[in-house]
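Lettering follows sequence order; numbering is per chain, from 1.
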Amino acid sequence: MEYRFQEIEKKWQHFWKINQTYRVDETSTKPTFYVLDMFPYPSGAGLHVGHPLGYIASDIFARYKKHIGFNVLHPMGYDSFGLPAEQYAIQTGQHPAKTTIENIDRYREQLDKLGFNYDWSREIRTSSPAYYKWTQWIFMQLFNSWYNPITNKAASINELINEFEKQGLSAVSLSALHGGIETEITPFSASEWATFTEQKQQEILMNFRLAYLGESYVNWCPVLGTVLANDEVVNGLSERGGHPVERKLLKQWSMRITAYAQRLLDGLDGVDWFDSIKETQRNWIGRSEGASVHFPLLNHEGSIEVFTTRPDTLFGVSFLTLAPEHELVNQLTTDEQRAAVATYVSTSKNRSERERMADVNTISGVFTGSYATHPFTKEPIPIWVGDYVLVGYGTGAVMAVPAHDERDYKFATHFSLAIKQVISPTSDHDFSTGAWTEKSGTMINSDFLNGLSVTEAVKRMISDIAEHGYGSKRINYRLRDAVFGRQRYWGEPIPVYFKGDLPYLIPADQLPLDLPEVDKYLPTEDGDPPLGRATHWKFEEVYEYEKSTMPGWAGSSWYFIRYLDPSNELQLASPEKIAYWGNVDLYMGGAEHATGHLLYSRFWCKFLHDLGIVPFDEPFKKMINQGMILGRSSFVYRVVGEQTFVSAGLKDSYDTTPIHVDISLVNNDELDLEGFKAWRSEYKDASFILESSGVYLCGHEVEKMSKSKYNVQTPDELVDRFGADTLRMYEMFLGPVEQSKPWDTKGITGVHGFLKKYWRLFHLDGTFEVNETTPTKEHFKTLHKTIRKIREDLDRFSFNTGVSNFMICVNELTESKCNSRQILEPLTVLLAPYAPHITEELWEKLGHEPGSLYEAAYPEFNPDYLIESDYEYPVSFNGKMRFKVSLPVSLSIEEIQATILSQAETIKWLEGKAPKKVIIVPGKIVNVVI
RNA sequence: GCGGAUGUGGUGAAAUUGGUAGACACGCUAGACUUAGGAUCUAGUGCCGAGAGGUGUGCGGGUUCGAGUCCCUCCAUCCGCACCA
């Protein structure tokens with residue numbers, strides 16, 4: 001009987017569904033294991049072979065954990081709010097909910113064909129009101145919380161109000177403020193607080209809330225008509241669509257993620273993730289230690305605060321530079337300089353993010369005409385404006401030390417400003433060509449620092465500026481607060497209404513705040529977001545709701561918690577269920593979310609931890625990032641101006657344009673000519689210049705898989721041709737799961753052949769037959785060698801070598817014609833995680849209860865079967881392997897040496913010389929040194 | 001510029017602690033079989049060489065009896081960040 005994979009797979013997928021084989025609950029006393037895949041955004045294109053790579057790996061691992069005695073949670077759902085569905089809605093007028101459901105159904109159909117062990121009863125969709133009710137609920141908790149810098153955790157805003165009522169605003173609570181909006185707050189007493197209006201009180205509190213409405217510079221994308229988070233902007237263009245992005249000052253909902261900067265950094269030490277991801281996050285958080293220093297203004301009140309990581313070079317300061325957006329620019333500009341400064345500031349404000357980045361090498365700036373005073377020397381320091389200083393980082397002002405900073409050096413040289421050397425370099429350095437920026441050398445021209453090393457000087461200077469009240473030690477982060485509002489329709493409504501311009505939360509019992517229907521998915525004529533079109537959508541029929549919606553990352557920042565208790569209507573998830581499952585043991589997904597999703601989920605998890613809702617403060621213990629599967633695009637070469645196509649081997653003799661051609665028309669680089677003509681009406685009369693062999697060969701290139709490149713391979717087509725078990729194993733066999741690799745279907749026959757061979761082990765002349773007698777020692781050896789390797793491979797997520805080891809095992813058993821039940825039965829359990837369908841079928845044929853394979857215990861390795869009486873020693877001379885000798889393992893080192901040296905081969909390789917030394921590692925190797 | 005990763009046959013790759021480099025598979029070459037199949041089986045296949053043998057893990061050096069693996073220098077490719085003070 002042949003291996004009828006289509007019948008078998010259909011049968012078992014149906015069986016698992018009807019019997020709810022993969023449903024899990026919290027009644028088991030087994031240890032738990034939570035395996036999670038990054039849930040997909042259901043796009044219209046469906047799945048291509050790259051998507052399931054991680055799903056297959058995690059599925060194999062989840063099944064393995066189940067077999068070795070864990071209660072395994074392996075859920076799946078959809079990240080179903082987002083831009084593409086909305087863009088499609090704008091074009092077609094179709095409600096995004098409708099396309100989203102269609103896409104989800106398509107995804108589900110594709111996923112079901114691959115035989116995953118998801119517990120679909122736990123499915124979640126971020127766009128369903130039952131789910132986003134709780135996304136909104138979390139937003140409300142964030143709005144009602146502030147970050148207490150003393151306890152170093154989030155707490156109720158009422159605690160802060162109490163403090164204001166009792167003591168007013170102290171300097172300590174002020175230090176809780178950091179991030180994109182640093183509004184100056186004047187300290188106040190308790191009695192002053194009591195006299196403040198509601199408006200004023202709320203405005204003050206807004207500076208502390210973890211979800212807050214504040215004026216800040218945002219990434220504004222005019223084409224998309226919305227703001228974007230920093231991680232949604234790539235090289236000054238929007239991540240989705242590649243549209244230009246500008247900086248704009250807007251009143252926006254934001255998340256005070258900066259409050260968690262240090263904890264987000266520290267938490268990385270405790271998670272088992274790839275170093276590359278951890279480093280990317282550390283980089284993104286961007287902690288730097290230094291000092292803040294105040295430079296008093298000359299002839300003005302107040303001072304300019306700068307942040308520096310090099311307080312040791314303070315005596316080398318020759319000017320200060322302010323960002324063009326710095327609030328003091330206007331005040332400090334003298335009348336003579338006003339015109340020049342105004343021009344400069346408006347030019348740089350109007351430059352898009354992209355222009356500014358493209359233009360890093362141009363030095364530009366303008367003198368304000370004003371001076372500050374050096375805190376120690378009391379010398380006047382000119383104040384300049386330059387757009388190399390960023391308003392969003394540090395204080396938006398820098399102290400320029402041209403002798404020891406490259407940018408300051410360029411600026412000083414360009415504008416002929418003083419360059420004061422304060423460090424004597426440790427090696428030859430020519431100050432006429434550039435700055436000495438190494439953190440090494442001896443301090444000079446620096447008063448009390450003279451003679452100290454740079455490291456000593458940093459410490460000394462920090463303590464001196466603190467002592468004199470000129471400033472203090474400061475830690476600065478590159479991380480910005482995350483913009484939370486999107487001027488879009490297809491997202492969670494923010495559960496807020498306005499009385500005047502003050503935002504208030506809607507009552508919790510009115511959650512979810514449903515997304516209203518609108519006539520169009522475009523902004524209103526007044527420039528309001530699409531929700532502005534819902535004219536009757538008002539709180540208590542009077543107050544306007546917030547019209548922006550939440551960003552794509554809101555729903556995905558906590559979904560891993562909802563899977564634990566997906567249909568709970570009263571709570572995010574019950575504390576019992578959260579405690580039962582805990583956080584994610586293995587998270588599988590792409591590395592592209594390093595600075596987005598993975599940072600935001602950590603932030604929300606820590607926040608929910610502070611509130612006592614979850615007992616863990618990191619969401620994902622271990623993470624594996626699967627590599628991207630790249631497409632192999634095929635090209636035809638069209639002669640310029642003609643409908644003639646030249647085969648790849650001849651294209652260099654013509655003037656041609658390469659054109660992407662659908663890979664379904666290409667087999668082993670050979671083009672299906674008739675298929676090509678039928679593909680596009682414009683090609684129906686195409687003529688071809690063929691190779692001498694009479695075929696048309698296509699060129700190829702490895703690129704990202706995409707519809708527009710016609711290089712998309714869908715899993716469905718391969719499942720139809722080879723079966724899900726083959727596709728599962730082939731995707732694993734391609735190489736290490738974390739590595740990027742081009743997709744190539746060629747090798748799939750090898751894996752398919754393996755499954756057929758495995759199937760044949762159980763069949764004799766076409767009928768199922770296994771031998772009930774005791775297998776030979778060799779057969780047991782093959783089995784146990786495989787058990788050991790497979791378990792080791794699974795434990796280190798080496799799925800590709802796992803597949804190889806199954807092949808070796810089946811090859812050996814085939815060769816020795818083994819069909820013993822005592823071998824094939826354990827082998828079937830061993831293979832079950834990789835190929836669940838074929839193994840279920842054979843398990844049933846072996847006489848077991850249908851479906852019981854999933855519950856079967858994984859085979860244990862028994863080393864007794866691997867004990868050998870002889871070992872074949874490789875004998876090398878000066879490290880080069882020359883021949884092998886089989887010797888009993890019981891021999892002593894002396895006996896081995898004597899035997900080896902008496903071999904005829906040895907005498908030949910010694911060429912009459914005496915060996916200087918013989919290295920013998922028992923059970924490993926013999927090396928003769930001549 | 002900073003940080004991270006990766007360089008092994010025609011191809012995907014393996015070698016877990018320094019111990020037989022290239023397992024397993026694709027492809028290719030030759031052959032067998034046949035209800036002519038996207039079937040199955042046999043032999044070969046790193047490179048040079050008829051062979052003995054030589055040589056070989058990006059380049060160059062080092063440590064070691066022994067290095068793909070450890071150390072140093074350089075090169076290339078990919079990814080992330082980037083006027084971050």
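A:Leu479 places its CG atom 16 Å from the C1' atom of B:A82, with the value rounded to the nearest Å. Spacing between atom CD of A:Glu289 and atom P of B:C84 amounts to 18 Å, rounded to whole angstrom units. A straight line from CZ of A:Phe806 to P of B:A14 spans 17 Å, rounded to a whole angstrom. Nucleotide B:G66 holds its P atom 13 Å from the CD1 atom of A:Ile930, rounded to whole Å. Rounded to a whole Å, the CE atom of A:Met628 is 19 Å from the P atom of B:U77. Rounding to whole angstrom units, CD1 of residue A:Ile285 and C1' of B:G3 are separated by 14 Å. Taking atom CZ on A:Arg882 and atom C1' on B:U55, their separation rounds to 11 Å, with Å as the unit. We find that NZ of A:Lys924 is positioned 13 Å from C1' of B:A15, with the value rounded to whole Å.
A:Arg282 comes within 4.0 angstrom of nothing in the nucleic acid, heavy atoms only.
Scored by the salt bridge (charged side-chain N to carboxylate O under 4.0 Å, His left out) test, A:Arg796 finds A:Asp793 as partners (sequence neighbours excluded).
Ion pairing of A:Asp269 with A:Arg282 is present here, as a side-chain N (NZ or NE/NH1/NH2) and a carboxylate O approach within less than 4.0 Å. Between A:Glu2 and A:Lys756 there is no salt bridge, since no side-chain N of the basic residue sits under 4.0 Å from a carboxylate O of the acidic one.
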What does the list of N/O pairs under 3.5 Å between the protein and nucleotides 22-26 of chain B look like, with a distance for each?
residue : atom : partner  : partner atom : Å
B:A23   : N1   : A:Ser804 : OG           : 3.3
B:A25   : OP1  : A:Asn811 : ND2          : 2.9

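When the P atom is used for both B:U34 and B:U45, the distance is 28 Å, rounded to whole Å.
Of the candidate nucleotides B:G54, B:U40, B:C84, B:C84 has the atom nearest to the side chain of A:Arg407. Of the listed nucleotides (B:G54, B:G19, B:A85), B:G19 has the atom at the smallest distance from the side chain of A:Ile925. The A:Thr309 side chain lies nearest to B:A85 when the options are B:U40, B:A85, B:G4. In the set B:U20, B:U16, B:A85, B:U16 carries the atom at the smallest distance from any side-chain atom of A:Arg796.
Side-chain atoms of A:Ser288 and A:Tyr393 form a donor-acceptor pair, as typed in the model, at a separation below 3.5 Å.
In this pair, A:Phe806 and A:Tyr834 present their aromatic rings perpendicular. The plane angle is above 60°, beyond the 30 to 60° band. Taking the six-membered ring for Trp and thresholds of 30 and 60 degrees, A:His763 and A:Trp759 have nearly parallel ring planes, at less than 30 degrees apart.
Counting heavy-atom neighbours within 6.0 Å of A:Lys789 NZ, excluding the residue itself, gives a total of 12 or less. Crowding of A:Lys473 atom NZ: a count of heavy atoms from other residues, nucleotides or ligands under 6.0 Å not exceeding 12.
Close to B:C78, at under 4.0 Å from its OP1 or OP2, lies no side-chain N or O of A:Ser740. Checking the phosphate oxygens (OP1, OP2) of B:A13, a side-chain nitrogen or oxygen of A:Gln739 falls inside 4.0 Å.
Nearest-nucleotide positions on RNA chain B for A:Phe307 and A:Ile277 put A:Ile277 closer to the 5' end.
Side-chain atoms of A:Trp284 and A:Leu599, non-hydrogen and from C-beta on, do get closer than 4.5 Å to each other.
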Worksheet item: When you look at A:Glu289 and A:Arg474, which way does the salt bridge (Lys or Arg N to Asp or Glu O under 4.0 Å) test go after all the steps?
Response: CA-CA 6 Å; A:Glu289 283 182 39; A:Arg474 178 163 160 181; over 6 Å; no
Worksheet item: How is the base pairing of RNA chain B summarised as a dot-bracket string, given the Watson-Crick and G-U wobble criteria with both distances under 3.5 Å, [ ] for crossing and | for another strand?
Response: (((((((..(((......[....)))((((((.......))))))(((....)))..(.(((..]....))).))))))))....
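A donor N or O paired with an acceptor N or O is not found under 3.5 Å between the base of B:C81 and the side-chain atoms of A:Asn283.
Using a 90° window around 0 for the glycosidic torsion, B:G9 falls inside it and is classed as syn.
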